[in-house]
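All remarks here apply to the structure that follows.
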Protein chains: 2
Amino acid sequence: MADTARRPENRYGNRPTMKDVAARAGVGLKTVSRVVNGEPGVTPETERRVQEAIDALGFRRNDSARVLRKGSTASIGLVLEDLADPFYGPLSRAVEEIARAHGALLINGSSAEDPDREQELVLALCARRVDGLVIIPAGDDHRYLEPELKAGVATVFVDRPAGQIDADVVLSDSFGGARDGVAHLIAHGHRRIGFIGDMPRIHTSAERLRGYRAAMEDAGIPIEDAWMSLGVTDPERVRRAAEEMLTGPSPVTAVFAGNNRVTVTVVRVLAEHRRPVALVGFDDFELADLLQPGVTVVAQDAAQLGRTAAERLFRQLDGTLITPERIELPTRLITRGSGELPPAG
Amino acid sequence: MADTARRPENRYGNRPTMKDVAARAGVGLKTVSRVVNGEPGVTPETERRVQEAIDALGFRRNDSARVLRKGSTASIGLVLEDLADPFYGPLSRAVEEIARAHGALLINGSSAEDPDREQELVLALCARRVDGLVIIPAGDDHRYLEPELKAGVATVFVDRPAGQIDADVVLSDSFGGARDGVAHLIAHGHRRIGFIGDMPRIHTSAERLRGYRAAMEDAGIPIEDAWMSLGVTDPERVRRAAEEMLTGPSPVTAVFAGNNRVTVTVVRVLAEHRRPVALVGFDDFELADLLQPGVTVVAQDAAQLGRTAAERLFRQLDGTLITPERIELPTRLITRGSGELPPAG
DNA sequence: CCTGGATCTGACAACGTTGTCCAGGCTCTA
DNA sequence: TAGAGCCTGGACAACGTTGTCAGATCCAGG
């Protein structure tokens, strides 16, 4: 009775353990372990008996115990902004594929662009002793990671750099991409060019804004405040921002959209607008080529970002990689029509 | 020396444990545990000392050990076909949100539509003792899950039913949706209607095909073999299949596309085609409204599928839910133009 | 028949945590 | 002032696995 009371309440109707298998097969505990792990030194006859017991009982090794004993979980964590964002799909998948190639599982979570939630998630993953972390940061202070890094948790940041700590990071060249995109519009004769982007506290947003400014400055075009919308992110307000730029006292003839969600909303606004307005968007998206006109974009390779990050992560784990680096992947301008429209109005 | 030799090689440069914290704070092991878990019965002064030691050492509780002791992992597994598929993004996210609300983490993996890989993933998740599984099955025989179910792993299938076992499943009404979509085309005067779908061994594909057949039969229209393309899935072959239907001896005037990827490819083909052809697709997709003409679709609510499944999962874990059920969520026809084109040619 | 070596097997401790239980110190009341 | 009862803290076992090491078994060769 005291015996059963001591048993912790657990959800698995007391699954069979190696001990149970051993008892049933009439062998020792360690022999079962050997069979389960394919270690040598077991006679075929013994192995058969053990295998039979395993099948009969429906035994499945408890990896929690294994992890506890061995110290490595063979799993990595991925923290991103929103699993549902089409930009992150290919990225996650790429990370997963690399993890799989290294025999690791992927645990992931969405931070919803909330720094507290990011930290909560990251620490939960650390408590589970993931071997490594791929983080698309929401916050800009990652000092909370210091004990983890010191303890040897491999970490790679993607898409945006870590804040206040020195860590590996894999980025797209947001600055260069935006500058090229805006320069492309300028080359097609535009001078009054609008920029709609996310909050400048997000690194990529800030870099893209910087690219926009650089391109304008290179062309000697002074920027009017009314041409810029920053930190506006939900569709309704992006719509309003776009409309204001198009109808203000000094209306823009072209728009540079800072990310795929903004681009999509702007496409909708422009579709309702009588005067043709040129558009270049950061991030490619499906069907961009089928719209009328096709949408010219600065494309970044999300899968490649994920792949690169995951590969670096496993090289950290191998010990091949020591010094944190910053890797910038190039972007690619894809012209489809919307960015080549001449200024109108 | 024997001491260090016995220590297993592990990746975490020997992180501090509760024992270390206890030693540093000059208290007992259990007291540290109490502080970490916010249990009552610790004086503020003691708590302060312990907290100080925790911060100083960078201690983080090892959840593997905790799981081993407590028997519940507070994590659930999600196995789907492809994380990168935009259809699964909102679904995963919805599952994650529900999990989060229950304090559980999400571990997920892509089966890549390969039954062996699905099984491998599912069993790996079971070995980690996830509390429950949400599975979008690739295979059609899930008897391998029987020991797990018996052991009390909560399981919900989504989008497609389990094979050979009795389990909870949450589906969209593929049959009804497809029938309505095809009936819609018939109502607009079409009689030669093509169907392009995935392999009929996939449940949803088979159901949608059945819906197509039912609608045609209801209207008394005999189906010609040349109007159906089944099991073709990569863009190039879908393209060829569509072109054959459009140019064959008895060319179709409308196409019903069995899933979002097929729809997108068909849109491309039709865009190059001189004669207007009507189109209804299963699954909604972003920007469908902005194409010329807008694409009429049978929409299913991926997020709702995920939410429903995850909620049922946690109700299984609560013990509120015992008997497996089959839940079918309705689909919704969204008319945007492409499905309302009259027959031409 | 015995010995040496190789091969196979099992007892045991340890991984880091939590549940149980008991000891000691304190407060409060009769 | 003694006894009851509460509060705090700590010793110990157990969770299921794996590494270590020593014991058991077998066979060939002397």
Side-chain angles (χ1 to χ4, degrees), chain A residues 1-12 14-23 25-50 54 57 59-74 127-129 151, chain B residues 1-12 14-23 25-50 54 57 59-74 127-129 151:
Chain A
M1 189 175 276
D3 222 337
T4 62
R6 184 163 302 183
R7 183 140 221 154
E9 267 307 316
N10 83 29
R11 274 166 172 167
Y12 332 114
N14 289 338
R15 300 196 60 143
T17 71
M18 285 193 177
K19 207 162 125 188
D20 301 324
V21 174
V27 302
L29 186 52
K30 181 65 212 210
T31 301
V32 176
S33 172
R34 272 193 271 261
V35 171
V36 169
N37 294 294
E39 286 169 30
V42 181
T43 31
E45 162 59 13
T46 310
E47 173 162 359
R48 195 189 53 70
R49 281 220 317 286
V50 171
I54 288 177
L57 296 173
F59 167 79
R60 186 99 48 214
R61 181 177 64 195
N62 183 332
D63 273 355
S64 300
R66 174 168 225 256
V67 161
L68 177 58
R69 185 63 233 247
K70 304 203 68 151
S72 147
T73 54
R128 283 180 197 230
R129 297 294 189 271
Chain B
M1 189 176 275
D3 223 337
T4 62
R6 187 163 301 182
R7 184 138 221 153
E9 267 308 316
N10 83 29
R11 275 165 171 167
Y12 333 114
N14 290 339
R15 301 196 61 143
T17 70
M18 285 192 177
K19 207 161 123 190
D20 301 324
V21 175
V27 302
L29 186 53
K30 181 65 213 213
T31 301
V32 177
S33 171
R34 274 193 270 262
V35 171
V36 169
N37 295 295
E39 287 169 30
V42 182
T43 34
E45 163 58 14
T46 310
E47 173 162 0
R48 195 191 52 72
R49 282 221 316 286
V50 171
I54 288 177
L57 296 172
F59 167 79
R60 187 97 50 214
R61 182 178 63 197
N62 184 333
D63 272 356
S64 300
R66 173 167 225 255
V67 160
L68 177 59
R69 184 65 234 248
K70 305 204 66 151
S72 146
T73 54
R128 277 171 205 237
R129 297 294 189 269

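Treat the numbers as computed from the prediction; the structure is a model and nothing was measured. Labels below follow one simple rule: chain letters A, B, ... track the order of the sequence lines, proteins then strands, and each chain is numbered from 1.
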statement: When rounded to the nearest 0.5 Å, the distance separating CG of L68(B) from OG1 of T73(B) is 12.0 Å
task: Hey, could you give me the CG/CE distance between L29(A) and M18(A), rounded to the nearest 0.5 Å?
output: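 Going from CG on L29(A) over to CE on M18(A), the span is 7.0 Å.
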task: Please say which of V50(B), I54(B), V21(B) ends up in a side chain to side chain contact (heavy atoms under 4.5 Å, CB included) with V36(B).
output: I54(B)
Counting only side-chain nitrogens and oxygens, does [X] get under 4.0 Å of the OP1 or OP2 atom of [N]?
{"X": "N62(A)", "N": "dC15(D)", "answer": "no"}
{"X": "R69(A)", "N": "dA14(C)", "answer": "no"}
{"X": "K70(B)", "N": "dG19(C)", "answer": "yes"}

- request: List the steps and the verdict of side-chain contact (heavy atoms from CB on, under 4.5 Å) for R129(B) and N62(A).
  value: CA-CA 7 Å; R129(B) 297 294 189 269; N62(A) 183 332; 3.7 Å; yes
- request: Identify whether any heavy atom of D63(A) sits under 4.0 Å from a base atom; if not, whether one sits that close to sugar-phosphate; answer base, sugar-phosphate or nothing.
  value: nothing
Can you tell me the distance, in whole Å, between the [atom1] atom of [X] and the [atom2] atom of [N]?
{"X": "E39(A)", "N": "dT17(D)", "atom1": "CD", "atom2": "C1'", "result": "11 Å"}
{"X": "L29(A)", "N": "dG16(D)", "atom1": "CG", "atom2": "C1'", "result": "8 Å"}
{"X": "R129(B)", "N": "dT17(D)", "atom1": "CZ", "atom2": "P", "result": "7 Å"}
{"X": "M18(B)", "N": "dA14(C)", "atom1": "CE", "atom2": "P", "result": "20 Å"}
{"X": "R15(A)", "N": "dT17(D)", "atom1": "CZ", "atom2": "P", "result": "10 Å"}
{"X": "R60(B)", "N": "dT17(C)", "atom1": "CZ", "atom2": "P", "result": "12 Å"}
{"X": "R61(B)", "N": "dC15(C)", "atom1": "CZ", "atom2": "P", "result": "19 Å"}
{"X": "E47(A)", "N": "dG10(C)", "atom1": "CD", "atom2": "P", "result": "14 Å"}

- request: Take N37(A) and R61(A) through the side chain to side chain donor-acceptor pair (under 3.5 Å) test and state the conclusion after the steps.
  value: CA-CA 10 Å; N37(A) 294 294; R61(A) 181 177 64 195; 2.5 Å; yes
Can you give me the N/O atom pairs linking the protein to nucleotides 7-9 of chain C at distances under 3.5 Å, or say none if there are none?
residue, atom, partner, partner atom, Å
dT9(C), OP1, T43(A), OG1, 2.8
dT9(C), OP1, T46(A), OG1, 2.4
dT9(C), OP2, G41(A), O, 3.4
dT9(C), OP2, T43(A), N, 3.1

query: Any idea which heavy atoms bring R15(B) and D20(B) closest together, and the distance?
result: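 In terms of heavy atoms, the two residues are closest at O-OD2, 4.2 Å.
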query: So which heavy atom on R49(B) is nearest to which on V27(B), and how close?
result: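 So the minimum-distance heavy-atom pair works out to NH2-CG1, 3.4 Å.
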query: With a 3.5 Å cut-off and just heavy-atom distances, do the side chain of K19(A) and the base of dG16(D) make a donor-acceptor pair?
result: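 Check fails, no donor-acceptor contact within cut-off.
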T17(A) side-chain proximity, nearest of dT17(D), dA11(D), dG10(C):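 For the T17(A) side chain, the nearest candidate turns out to be dT17(D).
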- prompt: Start at the 5' end of DNA chain D and walk down; is the nucleotide closest to G26(B) or to A65(B) reached first?
  reply: G26(B)
